[in-house]
Number of protein chains: 2
Amino acid sequence: MARPTPPAGDASGPAPHPLFPLPAGRTLDICTELHTAILEHRLAPGMKLSEDEVGEIYGASRTVVRAALQALAHSGLVTIEKNRGAFVAKPTIREAHEVFQARALIEPPVARMAAQAMTESHLAGLKAHLDAEHAALHAGDMGRALALSGTFHTAIAEIADQQVLTAMVRSLISRSSLIIALYWKRADTACESHSHHALMKAFQARDGKAAEEVQKSHIVDLHSGLNLRAQEEAPTSLATALKR
Amino acid sequence: MARPTPPAGDASGPAPHPLFPLPAGRTLDICTELHTAILEHRLAPGMKLSEDEVGEIYGASRTVVRAALQALAHSGLVTIEKNRGAFVAKPTIREAHEVFQARALIEPPVARMAAQAMTESHLAGLKAHLDAEHAALHAGDMGRALALSGTFHTAIAEIADQQVLTAMVRSLISRSSLIIALYWKRADTACESHSHHALMKAFQARDGKAAEEVQKSHIVDLHSGLNLRAQEEAPTSLATALKR
DNA sequence: CAATTTAAGATCGTATACAATTTTTGAGCA
DNA sequence: TGCTCAAAAATTGTATACGATCTTAAATTG
């Protein structure tokens, strides 16, 4: 079984959020575990997610694993090929563009709404979020820091108190994490912190217009930080191993 | 078994589209059948969708029916309550507002993109779509006409050639169908045709700005055509039966 | 007679079993 | 050695079975 294996049972750590609205029972747990594992880049794009393997790791039957994988497939984090199984999704360059275009369309108005709905309690929550991100970065836990920088955007949508848009943002954020894993070209991951602090200032001032503009330029900046030139296609397993 | 039952096996008619990206095998068929049935208002909001019952109707096992119901739950057309089963979703007033706010945010820019990408072939397709809608309306098939007026919006997103946004629009359109079933207050359903023809004119002129504005006002108009006052809560089974 | 309790029935959540398909392995041959 | 083809192994798709939970109905009791 010399094959890329899912993470060991150490997948602990508090889940960022209850996730999507559908599954019942233990399906949700597995869904959450896989979700956070993907967001923290512990599961690389393209990895096979065997039903038996995942089930054995989490002590669950294939039935519930299947439901979890189908849920993740629906949110774009997993690709299911008929009779071949589930894989961690590998967004194409085109999809990467589309995801960030959609984010540039949706998130700035959401930030404006959030600024208008912002309370002191909300501000404290966001502040704690940034602190946690900073702490993770300082502790060298890159994956966790990246996941937190993503959920910061989700938190904004939740403050805007728009459940429908929040679900969309959450999905786009998750897919962005995969896209960054594949196409990020800058070495500096801390550049995001800067924009997030700028957003905080706009929120503290309850300046919706400023929040909208900062968010817009932040997302455009993220988009431009990707290397989305057409490149070699899918030498995932063999060439990668033989590269050195 | 005196209970609201799903439609009989006559659920034929060409599906509007391949639907969502996830399920495999016969799951997709059942998903599509239920989806179109909901869009055509043959399945009323709140109806119970028993796994056994649906499975018997379509000649499938509970396994695949479950997968289909979970997929529909993820797209917001079905609500699953733990240990109680699946029901056709019954959007709240708040959700209705949010869905149309999201549509007002997303669809106008999509219409602008579509106008820019519009070819003669695309125009012919939209024209055929409107004709089919008109024919269904003339034939008295209200449900089908309504479903077609919804897929007209989806078709626009597809022409814009944005798969990520198209998936979002498709989901919003589907949920709008449920919302209209619950909250529509006007008697005139043909009012939409007017806006759709205005859109066609903008598309023919390749006038992106006009398309965006027409679409915006169209969606605001739809939103205002809903009766979203707080009203009596859920007297679905008893009071409804005793009303006359 | 109405309200409460209890038991029967129905439905869902999960595990397991079998069939269908794909992938891998290895033998045979040019 | 390299290629083709066939058989075995592994994996998924679907059906069925059983335990848990909820719903419904009956029976009991004040």
Side-chain angles (χ1 to χ4, degrees), chain A residues 1-6 18-34 43 46-74 78-89 234 236-238 241, chain B residues 1-6 18-34 43 46-74 78-89 234 236-238 241:
Chain A
M1 216 169 284
R3 185 182 286 232
T5 53
L19 209 62
F20 301 96
L22 79 84
R26 286 218 293 300
T27 302
L28 181 62
D29 299 331
I30 296 178
C31 211
T32 307
E33 290 294 333
L34 292 176
L43 260 49
M47 264 190 184
K48 178 95 202 278
L49 295 174
S50 157
E51 295 178 356
D52 278 326
E53 219 163 348
V54 175
E56 191 152 357
I57 289 172
Y58 294 119
S61 152
R62 275 183 56 213
T63 307
V64 302
V65 173
R66 248 181 106 73
L69 290 174
Q70 288 178 352
L72 291 171
H74 197 109
V78 157
T79 303
I80 292 179
E81 296 177 34
K82 172 157 175 156
N83 282 321
R84 285 187 28 89
F87 305 81
V88 178
T236 24
S237 51
L238 196 136
Chain B
M1 213 167 283
R3 185 182 284 235
T5 54
L19 211 63
F20 301 97
L22 79 85
R26 286 219 293 301
T27 303
L28 180 62
D29 299 331
I30 297 178
C31 211
T32 306
E33 290 294 334
L34 292 176
L43 259 51
M47 265 191 183
K48 177 96 202 278
L49 296 174
S50 158
E51 295 177 357
D52 279 326
E53 218 162 348
V54 175
E56 190 151 358
I57 288 172
Y58 294 119
S61 151
R62 275 183 57 215
T63 308
V64 301
V65 173
R66 246 182 109 73
L69 290 174
Q70 287 179 352
L72 291 171
H74 197 109
V78 157
T79 303
I80 292 179
E81 296 177 34
K82 172 157 177 158
N83 282 323
R84 284 187 28 89
F87 305 82
V88 178
T236 24
S237 51
L238 197 135

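Note that these values count all heavy atoms, side chains included, but never hydrogens, waters or copies made by symmetry. Here is the naming used below: chain letters follow the sequence lines, and residue numbers restart at 1 for every chain.
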task = Return no unless some side-chain N or O of B/Lys82 is found under 4.0 Å from OP1 or OP2 of C/dT11.
result = no
query = Between atom CG in A/Leu49 and atom C1' in D/dT11, what is the gap in whole Å?
reply = 14 Å
query = Any idea which heavy atoms bring B/Ala67 and B/Thr27 closest together, and the distance?
reply = CB-CG2, 3.6 Å
request  = Please report, rounded to the nearest Å, how far the C1' atom of D/dT11 is from the CG atom of A/Asn83.
outcome  = 9 Å
What's touching nucleotides 6-9 of chain D from the protein side, N or O pairs under 3.5 Å?
none

Please write out each protein N/O paired with an N/O of nucleotides 15-17 of chain D under 3.5 Å, distance rounded to 0.1 Å.
unit_1	atom_1	unit_2	atom_2	d
D/dA15	OP1	B/Arg26	NH2	2.8
D/dA15	OP2	B/Ser61	N	3.0
D/dA15	N7	B/Thr63	OG1	2.8

remark   = A/Asp52 atom CG is separated from D/dA10 atom P, nearest whole Å, by 11 Å
request  = Looking only at side-chain atoms of A/Arg66, point me to the closest of D/dT14, C/dG13, C/dT11.
outcome  = D/dT14
message = Nearest whole Å is fine: how far is D/dT11 P from A/Glu51 CD?
response = 11 Å
message = Without decimals, in angstroms, what is the distance between A/Glu81 CD and D/dT12 C1'?
response = 12 Å
ask   = Any side-chain heavy-atom pair from A/Leu43 and A/Leu49 closer than 4.5 angstrom?
value = yes
remark   = A/Phe87 CZ to C/dT22 P, in whole Å, measures 13 Å
Interatomic spacing from CG in B/Leu34 to CG in B/Asp29 - rounded to 0.5 Å = 11.0 Å
key: Test side-chain hydrogen bond (donor to acceptor under 3.5 Å, both in side chains) applied to B/Thr63 - qualifying residues, sequence neighbours left out   = B/Ser61
key: Atom-to-atom span, CD of B/Gln70 to P of C/dC12 - whole angstrom   = 12 Å
task = May I ask you to verify if any side-chain N or O of B/Lys48 is less than 4.0 angstrom from the OP1 or OP2 atom of C/dC12?
result = yes
query = What closest approach, in Å, do A/Leu69 and A/Val78 show between heavy atoms, and which atom pair accounts for it?
reply = O-CG1, 3.9 Å
request  = Nearest whole angstrom, please: distance from the P of C/dC12 to the CD1 of B/Ile80.
outcome  = 10 Å
ask   = Which heavy-atom pair separates A/Asp52 from A/Arg62 by the least distance, and what is that distance?
value = OD1-CD, 3.3 Å
